[in-house]
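Have a look at the structure below, then the notes.
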Protein chains: 2
Amino acid sequence: MVQADKRERLIQAADGLFHQKGFEHTSIADVASAAEVPLGNVYYYFKTRGDLMRTVSEHRLASARARREGLNALPSPRDRLIAWVNSFEDSTEECTAYGCPIGSLCLEANKLGGPMAKDASVVFRDSLEWMRKQFLEMGFADRMAREYAARILGGRQGSILLANTFKEPEYIRLEIARLRKWLGELPAGKGRNGK
Amino acid sequence: MVQADKRERLIQAADGLFHQKGFEHTSIADVASAAEVPLGNVYYYFKTRGDLMRTVSEHRLASARARREGLNALPSPRDRLIAWVNSFEDSTEECTAYGCPIGSLCLEANKLGGPMAKDASVVFRDSLEWMRKQFLEMGFADRMAREYAARILGGRQGSILLANTFKEPEYIRLEIARLRKWLGELPAGKGRNGK
DNA sequence: GTCTATACGGCGATAGAC
DNA sequence: GTCTATCGCCGTATAGAC
């Protein structure tokens, strides 16, 4: 199907360009040219630039979920979390070069105002939710589970910002190692789901 | 002096707007109108938009240094660090609403490429350097001092990103509390400056 | 030094032929 | 469904009167 192919190529191109150059600095013409689709044709698939951005976010959400699907085979929630954190290593170079694709987009969307902010945040919201469930399964109270999930995501985002700012991947690697160590040593919670 | 006054007003206006709307989304016209200076006159004070941005970064660097000056009166490096971390509380609301002014600018500048990236990073570089000195004075080896400095800055930046994304200041407050606790309990280093 | 008017380019979005 | 041509707006930067 030619349609789906072009649409897919546009999403892929937009995803990459939003990451590398930022949303605000990526024009429809940039996306069209990278996807090798004529400029005007883009508007057949996406009504506005914001629409394209929302689609990219949905696409990223699906990707993140798919990557976690594989982890659900692991029997222990602790191991799932550690495997998840370890998987961050694959993107160290890209994140050092361009920052976190999701984090950058959230920040940009928030400055723009409007409904895009919520669209961009769905990936983080979903990640936090998944991590929270793992910590609940480890026996932590809901409050702790939320706090720990935020610690992982926040720690990672902070390390990426530093790595990107100073073009130094070591910040990311150190944080991954620290999170892994912390998860490994963390005593399991006592309550059954914090009851 | 009318000159210095206008220049100052332009810097202040640009500082605020870069924070609230982002650099890429703030036009010279926006800055001029916020500072109540005619559009064309801006170019008498700043050659280009990038020039204005560099000036704002220098201005922020000076502010951060001035705020730390007061802390140098404290005799213990640990207390200086704790006081520094505590001072983050003042900006919790603004950071929740608009993100970290410095972090946002660094990220944007990195996406733009060119020399702006370095201009934007000077504030972080200077903060890290100051924190590193405090940890050295506490007796930590240089490697640990750098790592700990990055932990404070990274932890803070990550918490701000989450707070901004979800419009929830609690992320920032929790991280401040965690850093304060960590600094309070951290055993002093053994070596004299890591020797 | 100050301000107005405007040149010039780029971008989002659309019209309309095929 | 596909693609070209183009409209209209906004942004940076400059020219030049005062």
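Just so it is clear, the values below take in all heavy atoms, side chains as well, and ignore hydrogens, waters and symmetry mates. First the proteins, then the strands, lettered A, B, ... as listed; each starts at 1.
As rounded to whole Å, 10 Å separates atom P of D:dT2 from atom CG of A:D5. For the pair B:N41 CG and D:dA15 C1', the interatomic distance rounds to 15 Å; values are reported in whole Å. The CZ-P distance, from B:R9 to C:dT2, rounds to 10 Å in whole Å. Rounded to whole Å, atom C1' of D:dT2 lies 16 Å from atom CZ of A:F46. Between A:R7 atom CZ and D:dT2 atom C1' there is a gap of 17 Å when expressed in whole angstrom units.
No salt bridge links A:D90 with A:R67; every basic N to acidic carboxylate O contact stays at or beyond 4.0 Å.
With sequence neighbours excluded, the residues that form a side-chain hydrogen bond (donor to acceptor under 3.5 Å, both in side chains) with A:S121 are A:R125. Among residues two or more places apart in sequence or in another chain, the side-chain hydrogen bond (donor to acceptor under 3.5 Å, both in side chains) test is passed with B:T48 by none. Residues passing the side-chain hydrogen bond (donor to acceptor under 3.5 Å, both in side chains) test with B:Q157: none are found, sequence neighbours excluded. Scored by the ring pair (Phe, Tyr, Trp, His ring centres under 6.0 Å) test, A:Y171 finds no partners at all (sequence neighbours excluded).
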Contact string for nucleotides 11-18 of chain C, one letter per nucleotide 5' to 3', B = base within protein heavy-atom range under 4.0 Å, S = sugar-phosphate only, - = neither, reads SSBB----
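For residues 51-61 of chain A, the set of pairs meeting the side chain to side chain donor-acceptor pair (under 3.5 Å) definition, not counting sequence neighbours, comprises A:D15-A:R60.
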